[in-house]
Colleague: 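I have a structure here, written as structure tokens, and I will follow up with some questions on it.
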Amino acid sequence: MSDLKVGVIGTGFIGPAHVEALRRLGIAVAAVAGPRLDRVAEKARVMQVGRYYDTADALLADPDVNVVHITSPNYAHHAQAKAALLAGKHVVCEKPLAMNSAESIELVQLAAERRLVNAVNFNIRFYPMSHQACHIVQSGDIGDVYIVQGSYLQDWLLYPTDWNWRLEPQYSGEMRAVADIGSHWLDLTTFITGLKVEAVLADFKTFLPVRQKPTQPVETFTGKSQTALEYVEQAIDTEDYATVLLRYAGGARGVMTVSQVSAGRKNRLYYEINGARSSIGWDGERPNELWIGHRDCANEHLLKDPALLAPDARQYASYPGGHNEGFPDTFKQLYSAIYRYIDAGDFTATPDFPTFEDGHRALRVGDAILRSAREDRWVTVARD
Ligand code: SOE
């Protein structure tokens with residue numbers, strides 16, 4: 001594929017997933033950046049990346065880097081994306097795009113002004129079954145959408161000793177579960193249905209208002225297998241759980257529950273979309289299956305098989321039926337769309353991947369959810 005060179009900012013849980021996916025497409029990773037020189041040097045050695053920097057600015061000054069992937073904690077996304085665009089680099093940013101929609105609108109405008117490619121890493125759209133679901137709904141097969149419902153549940157923050165930077169608002173933002181995983185659910189269901197959320201009513205709960213913070217840093221998802229020696233008590237005020245009622249333009253209704261304290265649910269995004277004729281349902285822990293529900297005939301259970309998928313979905317299935325594709329493949333498929341677009345060079349064409357506009361829209365909904373939870377009332381989602 002592309003002979004562009006990539007710089008990846010952030011080497012925690014998700015930075016290496018970006019590097020691996022890029023390499024599977026034959027895209028060169030020129031450099032990585034992380035906060036401490038000794039740590040980033042070690043990460044670069046393990047990933048066999050030739051150059052490493054201990055600041056984002058140093059990576060952005062590297063003339064060989066044409067595209068920047070931002071995989072740092074949430075608070076840094078806005079400043080790093082802005083600096084990358086000002087340095088003339090295309091940007092692929094992890095979600096959420098920024099801490100709030102005031103920040104994200106600035107990025108949308110700057111990327112447009114600079115005519116640079118901009119993408120948000122909403123990778124879950126790139127399971128083949130997500131594109132198949134989009135095809136089914138958009139082609140009218142299930143009829144008008146009545147109800148969009150589901151959840152995104154995890155258990156990695158269930159115990160008071162579970163710790164991660166996402167628990168600290170200065171790094172993660174004023175919301176946690178909604179921003180971290182609700183953003184994926186909202187993006188995915190918006191992608192599939194094409195429906196815009198108009199108003200929200202949110203209920204939040206922090207079940208663990210005090211946690212034990214290890215005195216050593218803990219990487220995402222590794223807390224379960226590491227025992228810290230020393231802890232300090234820390235008050236927590238971001239939500240462990242949220243349920244949000246959703247009103248969509250055109251009359252559909254929805255409900256989303258997110259939780260990071262649901263024992264046994266490792267990383268389970270579930271949605272069910274009920275239409276005037278049929279329904280579809282998908283469980284992210286069984287990503288190669290799509291449930292199609294009917295009233296007057298037997299329900300269907302579609303297993304991923306390129307031969308049975310619509311062309312839009314088939315292009316993101318690399319292996320034959322029965323050969324499961326999973327989480328790392330979504331990164332590869334997302335980048336195949338982004339780099340194909342960059343290579344084509346026509347930046348007036350409509351992108352077939354999530355852009356800063358999508359990241360901004362998710363943050364607009366997020367801002368309304370936060371306000372609703374605080375004010376305990378329905379809030380209308382602002383429009384730009
Ligand atoms: C942590 O909750 C997390 O890694 C999210 O940040 C990711 O976006 C999601 O893929 C899995 O969980």
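When reading the values below, keep in mind they use all heavy atoms of this one structure, side chains included, and skip hydrogens, waters and symmetry mates. As the structure lists them, so they are numbered: ligands from 1, and atoms in each ligand from 1. Sequence positions, counted from 1, serve as the residue numbers for this chain.
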Colleague: Using a strict 4.0 Å cut-off to heavy atoms of Phe327, name the atoms of ligand 1 that fall inside it.
Modeller: 10 (O)
Colleague: Who pairs with Ala119 by side chain to side chain contact (heavy atoms under 4.5 Å, CB included), at least two apart in sequence or on another chain?
Modeller: Val92, Ile338, Phe353
Colleague: For residues 139-151, tabulate all N or O donor-acceptor pairs below 3.5 Å that involve a side-chain atom, not counting sequence neighbours.
Modeller:
residue, atom, partner, partner atom, Å
Ser139, OG, His135, O, 2.8
Ser139, OG, Ile136, O, 3.2
Gln149, NE2, Asn274, OD1, 2.7

Colleague: Specify side chain, backbone, both or neither for Tyr152, according to which of its non-hydrogen atoms lie closer than 4.0 Å to ligand 1.
Modeller: side chain
Colleague: Pull out every atom of ligand 1 sitting under 4.0 Å from any heavy atom of Phe13, numbered as shown with elements.
Modeller: 4 (O)
Colleague: Any Lys/Arg nitrogen of Asp329 or Arg24 sitting under 4.0 Å from an Asp/Glu carboxylate oxygen of the other?
Modeller: yes
Colleague: What atoms of ligand 1 come within less than 4.0 Å of a heavy atom belonging to Asp180?
Modeller: 1 (C), 2 (O), 3 (C), 5 (C), 6 (O)
Colleague: Can you spot which of Arg51, Lys5, Lys89 makes a salt bridge (charged side-chain N to carboxylate O under 4.0 Å, His left out) with Asp64?
Modeller: Arg51
Colleague: Considering both backbone and side-chain atoms of Glu94, is one of its nitrogen or oxygen atoms within less than 3.5 Å of a nitrogen or oxygen in ligand 1?
Modeller: no
Colleague: Between Asp358 and Arg125, does any NZ, NE, NH1 or NH2 come within less than 4.0 Å of an OD or OE carboxylate oxygen?
Modeller: yes
Colleague: Is a salt bridge present between Lys304 and Glu289, judged by a nitrogen-to-oxygen distance below 4.0 Å?
Modeller: no
Colleague: Considering only heavy atoms of Lys95, which atoms of ligand 1 have at least one such atom less than 4.0 Å away?
Modeller: 5 (C), 6 (O), 7 (C), 8 (O)
Colleague: Kindly confirm or rule out an N or O of Asn123 lying under 3.5 angstrom from an N or O of ligand 1.
Modeller: no
Colleague: Within a distance under 4.0 Å of any heavy atom of Gln260, pick out the atoms of ligand 1 and give their elements.
Modeller: 2 (O)
Colleague: Taking only Lys NZ, Arg NE, NH1 and NH2, and the carboxylate oxygens of Asp or Glu, determine whether Asp237 and Arg176 approach each other closer than 4.0 Å.
Modeller: no
Colleague: Relative to the heavy atoms of Trp156, which atoms of ligand 1 are at a distance of less than 4.0 Å?
Modeller: 1 (C), 2 (O)
Colleague: Give the atoms of ligand 1, by number and element, whose distance to some non-hydrogen atom of Arg166 is under 4.0 Å.
Modeller: 1 (C), 6 (O)
